[in-house]
Amino acid sequence: MNEIPIIENVLKLNDDVAADNRRRLNELGVFTIDLIGSPGCGKTTLLEQTLRRLSGEYNIGVIVGDLATTRDAARLHRWCEHIVQINTDRGCHLEAHQIRRALDRLDVERLDILIIENVGNLICPVGFDLGQDVKVGMFSVTEGDDKAAKHPHLVCLADLILLNKVDLAGAVLFDEAQFNSDVARLNAEVPVMKIDAVHGRVDPWLEWLRNSGLSHRHTMTEAMLG
Ligand code: MG
Ligand code: ZN
């Protein structure tokens with residue numbers, strides 16, 4: 001009998017902490033992304049390319065969530081000093097209180113952009129607000145062309161969809177028209193960007209990040225000036 005109220009309280013608490021995170025990050029003008037994708041879809045590879053290409057232009061911080069190991073943090077640390085690894089042990093998603101603690105370990109005041117690489121999982125990360133400005137849903141062709149249709153909540157809530165490993169589409173018989181029509185049916189607004197992170201073909205994403213980050217900071221400055 002007590003199960004349902006307890007679960008609701010957990011989510012309510014998460015939302016309160018997420019709202020605090022959002023307020024803090026917005027006040028500092030940090031554009032924050034929650035990057036959600038399955039294990040092996042290329043999230044960390046994308047972030048390596050992003051840091052390699054943009055770290056001269058922007059101060060970028062990364063919070064990376066995994067059950068175990070600091071391997072992703074070590075890969076990213078080669079390009080950037082603002083990295084925090086969260087090990088969730090059995091936890092299959094990140095929660096707002098973990099982000100709040102990670103923010104205390106980062107030099108947040110200096111950041112322009114914060115990217116949160118969520119635990120590899122297409123399901124429950126979608127339900128936990130972290131205080132981000134946008135959610136990015138990442139798929140790769142090797143997972144199959146049905147994954148957008150099978151994960152409608154992520155597609156519906158995503159501000160951007162990335163489709164990675166497009167160089168392998170032919171080898172795995174990926175039906176791009178099917179994938180695109182599933183995305184469009186679920187979320188008519190969301191842009192879909194094809195990328196090949198391992199070979200550094202990520203220009204549309206970098207352009208989106210530049211434009212979104214800049215317009216975000218512009219909006220924040222206007223809001224502060226009243
Ligand atoms: Mg990773
Ligand atoms: Zn979970």
Side-chain angles (χ1 to χ4, degrees), residues 3-4 6-15 17-18 21 32-55 60-102 105-106 113-132 135-143 147 150-158 160-165 168 195-200 202 205-206 209:
E3 286 288 297
I4 291 167
I6 290 168
I7 291 166
E8 282 177 347
N9 285 344
V10 168
L11 280 174
K12 167 88 169 66
L13 180 64
N14 185 78
D15 284 351
V17 178
N21 292 345
T32 303
I33 295 166
D34 183 6
L35 177 62
I36 299 173
S38 62
C41 74
K43 297 182 295 300
T44 312
T45 303
L46 174 70
L47 296 186
E48 285 181 289
Q49 295 288 352
T50 305
L51 295 175
R52 188 173 70 82
R53 299 270 297 274
L54 292 188
S55 56
I60 304 177
V62 180
I63 297 171
V64 55
D66 280 300
L67 275 64
T69 84
T70 52
R71 290 185 192 183
D72 283 3
R75 284 168 65 184
L76 298 170
H77 199 251
R78 295 186 298 150
W79 308 105
C80 168
E81 54 184 311
H82 310 288
I83 309 287
V84 175
Q85 175 88 51
I86 298 173
N87 281 145
T88 58
D89 188 18
R90 286 165 205 275
C92 45
H93 57 266
L94 291 175
E95 296 185 15
H97 68 92
Q98 294 168 315
I99 301 306
R100 179 169 61 188
R101 284 210 303 274
R105 309 282 305 272
L106 283 168
I113 296 170
L114 174 66
I115 306 178
I116 301 165
E117 181 190 328
N118 218 310
V119 177
N121 177 352
L122 292 170
I123 305 169
C124 46
V126 181
F128 285 83
D129 187 9
L130 302 179
Q132 74 286 333
K135 280 186 204 285
V136 174
M138 185 164 179
F139 297 91
S140 62
V141 300
T142 52
E143 295 159 43
K147 290 304 171 290
K150 287 185 174 182
H151 299 89
H153 304 295
L154 175 57
V155 176
C156 288
L157 289 175
L160 172 68
I161 298 282
L162 296 173
L163 180 62
N164 192 27
K165 309 189 191 182
L168 301 176
I195 56 171
D196 166 11
V198 86
H199 298 112
V202 297
W205 152 254
L206 297 180
L209 200 52

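Counting begins at 1 with the first residue of the sequence. For ligands, and for the atoms within them, numbers begin at 1 and follow the listed sequence.
- Remark: the Gln85 side chain and the Asp66 side chain contain an N/O donor-acceptor pair separated by less than 3.5 Å.
- Heavy-atom minimum distance, Lys135 versus Val126: NZ-O, 3.4 Å.
- Considering just the N/O/S atoms of Asp72, the one nearest the Mg ion (ligand 1) carries the name OD2.
- When all heavy atoms are compared, the tightest approach of Asn14 to Asp129 is ND2-O, 2.9 Å.
- Checked by atom type, the side-chain pair Gln49/Arg52 shows a donor-acceptor distance below 3.5 Å.
- The SG atom of Cys124 and the ND1 atom of His93 meet at the Zn ion (ligand 2) at an angle of about 120°, given to 10°.
- For Glu117, the N, O or S atom with the smallest separation from the Mg ion (ligand 1) is OE2.
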